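A note on names: the letters A, B, ... follow the listed sequences, proteins ahead of strands, and every chain is numbered from 1. Note that the structure is a prediction, hence the values are computed from the model and not measured.
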Amino acid sequence: MLLFDDYKKDILEEIKKIYSVSENDIDINGDYGDFTLKIFKFQNEKEEVYSKIKSTLNKDYIENIELQGNYINFFIKPGKMFNVVENSIETFGMYPNTFQDTSKALIEHTSSNPTGPIHVGRIRNSIIGDSIYRIINRFGTRSCTQYFVNDSGKQVISLYLGHVKYHKGEQMTVENLLDGYQKIYSNMEKDQSIKKEIQELDERYERGDRELISDIQKTASIVLESITASLEKLGIHISTYVWESNFILYGEVAALMDQLSEELKSEGNAKYLEIGDKKIFVTRQDGTSLYFARDLVYHMFKSQNFDWVIDVLGEDHKDHAKNLDYVLHNYLDFPSKIDYLFYGFVSLESGKMSTRKGNIITVNDLYEKTVEESEKIIREKRPDYPEETVNQISNAVASSSIRFNIVKINANKPLTFRWSEALNFEGDSAPFIMYAYARACSVLSRAGNSRESNSKYNEYEKNLIKAMYLYPYYLQSSVDFLRADIIAGYMLYLVKSFNEFYLNCPVIGNEEEYKRIRLLKAFKRIMEDSSDLLGIRLLEKI
RNA sequence: GGGCUCGUGGCCUAGUAUGGAUAAGGCACCGUCCUUCUAAGUCGGUGAUCGUGGGUCCAAAUCCCACCGAGCCCGCCA
């Protein structure tokens, strides 16, 4: 799929001609060489193996081959690696060059119930989902994102009823809707009639009462707009929204239930599927549909237009997804490739987050505080920057920091949100990356005319070249494992190699200026490329 | 109780898929470097029986078993 050159394969092929080695015997990212061949199985004859390989392997890109312990390390000429990078950028405008796949992918992420503002727990879903979307797109599979709007079922009916009961006549706002929603749940325990009202509304809804559906959709829209606005602050744009109610309104849920009729079992009027020894209910006693049924319909819908479907889900959905997957493949002949990407819950130092108890940090709060902190630091460090620049930088820093701090952690790890970490702009952080980019831009802006020189690459230049050269490997594995954190780790590695280069290799006015400017141009391009995958907003000045 | 996931210096994380060279970064702490391209940076130092105990192997953070601890799930909620 990728069109970049691969020395590893070439070296391996050559060695295979004389010794029986497999792909697992050779590593690309060793600390001791550019490629490392493990020769434990030739321990008794390693000198011989080494000299034979060394004399046989006559490649113009190999600078050196060394025997160290039970390893043979291959060193690639930096100039060769850099040519690969530079040629690709000059020819295709990017490195690595990828070609567009004909298949299409759909990443469903966020899909938060529109019953309140989005908080730092939910946003992990959006950040991971959006990054994966960008990564897959970059890799060459056309993709888009989708938000499944839950505008049916008890929760959103409660939201609607809360407004009717407690805020009737008021203009709908996120605040009074949330208040009504919380009141419904707290009063429900004392007042059984509320449950009944909800049930009646649900039945009307499922019968296709267009006026009610439209009212509820309107209610959900108000909250959804605030969620969308929060997402946009982080550069997260959802391509399409699919409203759950449409599947009910146009009879698709009912149609799917018909399709499944042979598999369905009854308990009274309620219907369920038996998966293993578990009963998965799809309709209630009163005939109304359950989330599982609607989600099945939604997935069949997704498969109509997409070859690859990816769901980004909280770990609490693991069982749901497992059951869903079972039904899709065993009863419904699901035609697309499907992957489920789970992420661990985000907790606060004070414990679990709960919208109803009110101990949440909303994305808007987080964003605001991060902007403030950033402004404070910029005013300290760059007192000469005009207000507009401070604003621009602090917004970019806030958006990038929030995203990076969350995406850099492996999704299946639990995460504790800490203000001290969220507001730290040093070390493994987005500003650390942004700062390196700004430095590179600053040097490039001063570049004059310089002549080519023939000197070899020093170790700092070589490390930077290698870090750039390896970008496709990280990109590939982040796609293979659907892990955006791999790109985050790569960026930190790339930036560290740049920082060492920057400190040790003066560019402007140096006799190596021409060569180093070329390195910086490539670095700049790869920084832009990889930052974009994570939604890090680079600026020429920071 | 059953199922899934996580456990790596004081704190946070990478490495675990494919076992291999002194376990790699960051935060915090101590010290270094701005008359050279942005010090949100650099370099050095302190600090790890890789949850515990067994097993497999020439070799285990990585594979297997057991146990301990944390999270999530086990609704005619979503």
Side-chain angles (χ1 to χ4, degrees), chain A residues 22-25 27 29-32 36 38-41 43 68-71 73 111-113 115 148 150 152-156 158 244 267-272 278-292 294-295 314-320 322 342 344-345 347 352 374 377-378 380-382 393 397 405 408-410 412-416 418 420-421 424-436 438-447 477 480-481 485-486 488-489 492-493 495-496 498-500 502-510 513 516 520 541-542:
Chain A
S22 72
E23 202 173 336
N24 289 342
D25 292 324
D27 293 332
N29 201 10
D31 298 327
Y32 299 85
T36 291
K38 294 175 265 191
I39 50 164
F40 289 87
K41 54 182 155 186
Q43 269 189 65
Q68 287 162 324
N70 290 311
Y71 304 87
N73 294 317
S111 300
S112 273
N113 281 350
T115 49
F148 190 41
N150 169 240
S152 63
K154 284 204 299 201
Q155 268 152 20
V156 73
S158 302
E244 204 175 294
E267 203 169 284
N269 285 325
K271 298 268 198 299
Y272 66 89
K278 275 186 189 158
K279 293 175 180 175
I280 308 294
F281 280 86
V282 293
T283 61
R284 297 192 186 89
Q285 200 61 242
D286 61 14
T288 56
S289 66
L290 286 157
Y291 165 64
F292 191 84
R294 300 192 294 262
D295 208 23
E315 61 181 347
D316 55 335
H317 278 62
K318 276 185 180 174
D319 276 357
H320 170 77
K322 201 174 143 192
F342 299 105
F345 272 45
S347 56
K352 263 200 257 182
S374 174
I377 291 172
I378 298 164
E380 266 169 39
K381 293 181 189 290
R382 318 268 188 267
I393 297 172
V397 165
N405 280 330
K408 72 178 176 184
I409 313 266
N410 191 328
N412 60 13
K413 293 235 183 192
L415 185 65
T416 304
R418 290 184 180 85
S420 60
E421 286 168 15
N424 174 33
F425 300 147
E426 290 169 10
D428 291 349
S429 68
F432 175 79
I433 290 165
M434 296 166 75
Y435 186 67
R439 278 175 143 184
C441 289
S442 175
V443 178
L444 284 171
S445 73
R446 284 156 212 268
S477 74
D480 288 348
F481 303 110
D485 61 295
I486 287 177
L492 293 173
Y493 158 55
V495 163
K496 275 166 192 156
F498 165 79
N499 282 338
E500 287 188 23
Y502 180 87
L503 258 292
N504 294 290
C505 305
V507 180
I508 305 305
N510 192 278
E513 178 169 332
R516 290 176 179 168
L520 284 178
K541 277 176 82 174
I542 180 170

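Across all strands, A:Asn410 comes closer than 4.0 Å only to sugar-phosphate atoms, never to a base (heavy-atom distances).
Rounded to an integer number of Å, the gap from CE of A:Met434 to P of B:G41 is 13 Å. Between A:Phe425 atom CZ and B:G41 atom P the separation is 12 Å, expressed in whole Å. For the pair A:Phe498 CZ and B:G41 C1', the interatomic distance rounds to 10 Å; values are reported in whole Å. Rounded to a whole Å, the CZ atom of A:Phe342 is 13 Å from the P atom of B:C6. Atom CZ in A:Phe40 sits roughly 13 Å away from atom C1' in B:A60 (whole-Å rounding).
The aromatic rings of A:Tyr272 and A:Phe281 sit tilted relative to each other, their planes meeting at an angle between 30° and 60°. Ring geometry for A:Phe498 against A:Tyr502 counts as tilted: the plane angle lies between 30° and 60°, on a 0 to 90° scale.
Checking side-chain atoms of A:Asn504 against main-chain N and O of A:Glu500 turns up a donor-acceptor pair under 3.5 Å. With A:Arg382 contributing its side chain and A:Ile542 its backbone, the two residues share a donor-acceptor pair below 3.5 Å. A:Thr283 places a side-chain N or O within donor-acceptor distance of the main-chain N or O of A:Lys271, the cut-off being under 3.5 Å. A:Ser442 places no side-chain N or O within donor-acceptor distance of the main-chain N or O of A:Ala438, the cut-off being under 3.5 Å. Distance alone, capped at 3.5 Å, places no donor-acceptor pair between the A:Lys279 side chain and the A:Glu267 backbone.
Nucleotides of RNA chain B nearest to A:Asp485 and A:Asn499 differ in position, and the one nearer the 5' end is that of A:Asp485. Across the interface with RNA chain B, nearest-nucleotide mapping of A:Ile378 and A:Lys38 shows A:Lys38 to be the residue nearer the 5′ end.
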Restricting both atoms to N or O, compile the protein contacts to nucleotides 36-39 of chain B shorter than 3.5 Å, with distance only.
from  : atom 1 : to       : atom 2 : distance (Å)
B:C37 : O2'    : A:Arg446 : NE     : 3.3
B:C37 : O2     : A:Val507 : N      : 3.4
B:C37 : O2     : A:Ile508 : N      : 3.1
B:C37 : N3     : A:Val507 : N      : 3.0
B:C37 : N4     : A:Tyr502 : O      : 2.6
B:C37 : N4     : A:Cys505 : O      : 2.8
B:U38 : OP1    : A:Ser442 : OG     : 2.0
B:U38 : OP2    : A:Ser442 : OG     : 3.0
B:U38 : OP2    : A:Arg446 : NH2    : 2.9
B:U38 : O3'    : A:Tyr435 : OH     : 3.4
B:U38 : O2'    : A:Tyr435 : OH     : 2.1
B:U38 : O2'    : A:Arg439 : NE     : 3.2
B:U38 : O2     : A:Arg382 : NE     : 3.4
B:U38 : O2     : A:Arg382 : NH2    : 2.6
B:U38 : N3     : A:Ile542 : O      : 3.0
B:U38 : O4     : A:Glu540 : O      : 3.2
B:U38 : O4     : A:Ile542 : N      : 2.9
B:A39 : OP2    : A:Arg439 : NE     : 3.3
B:A39 : OP2    : A:Arg439 : NH2    : 2.4
B:A39 : O5'    : A:Tyr435 : OH     : 3.4

N/O to N/O distances under 3.5 Å, protein versus nucleotides 25-27 of chain B:
from  : atom 1 : to       : atom 2 : distance (Å)
B:G25 : O2'    : A:Lys496 : NZ     : 2.2
B:G26 : O4'    : A:Asp428 : OD2    : 3.2
B:G26 : O2'    : A:Asp428 : N      : 3.3

- Which parts of nucleotides 69-78 of chain B does protein reach within less than 4.0 Å, heavy atoms only, written one letter per nucleotide 5' to 3' as B for base, S for sugar-phosphate only and - for none? --SSS--BBB
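By the rule that a glycosidic angle within 90° of 0 means syn, B:C65 does not qualify and counts as anti.
Evaluation of atom-type donor-acceptor distances gives a pair under 3.5 Å for the side chain of A:Asn73 against the base of B:A21.
Remark: A:Asp286 pairs with A:Thr288 by the side chain to side chain donor-acceptor pair (under 3.5 Å) rule, at least two apart or across chains. In this view, A:Phe345 and A:Glu315, A:Asp316 satisfy the side-chain contact (heavy atoms from CB on, under 4.5 Å) rule, not counting sequence neighbours.
In RNA chain B, runs of at least 3 stacked Watson-Crick or G-U pairs (N1-N3 plus N6-O4 or O6-N4, or N1-O2 plus O6-N3, all under 3.5 Å) give these stems: B:1-7 with B:68-74, B:10-13 with B:24-27, B:29-31 with B:43-45, B:51-55 with B:63-67.
If you take NZ on A:Lys496 and CZ on A:Phe432, they are separated by 5.5 Å, rounding to the nearest 0.5 Å.
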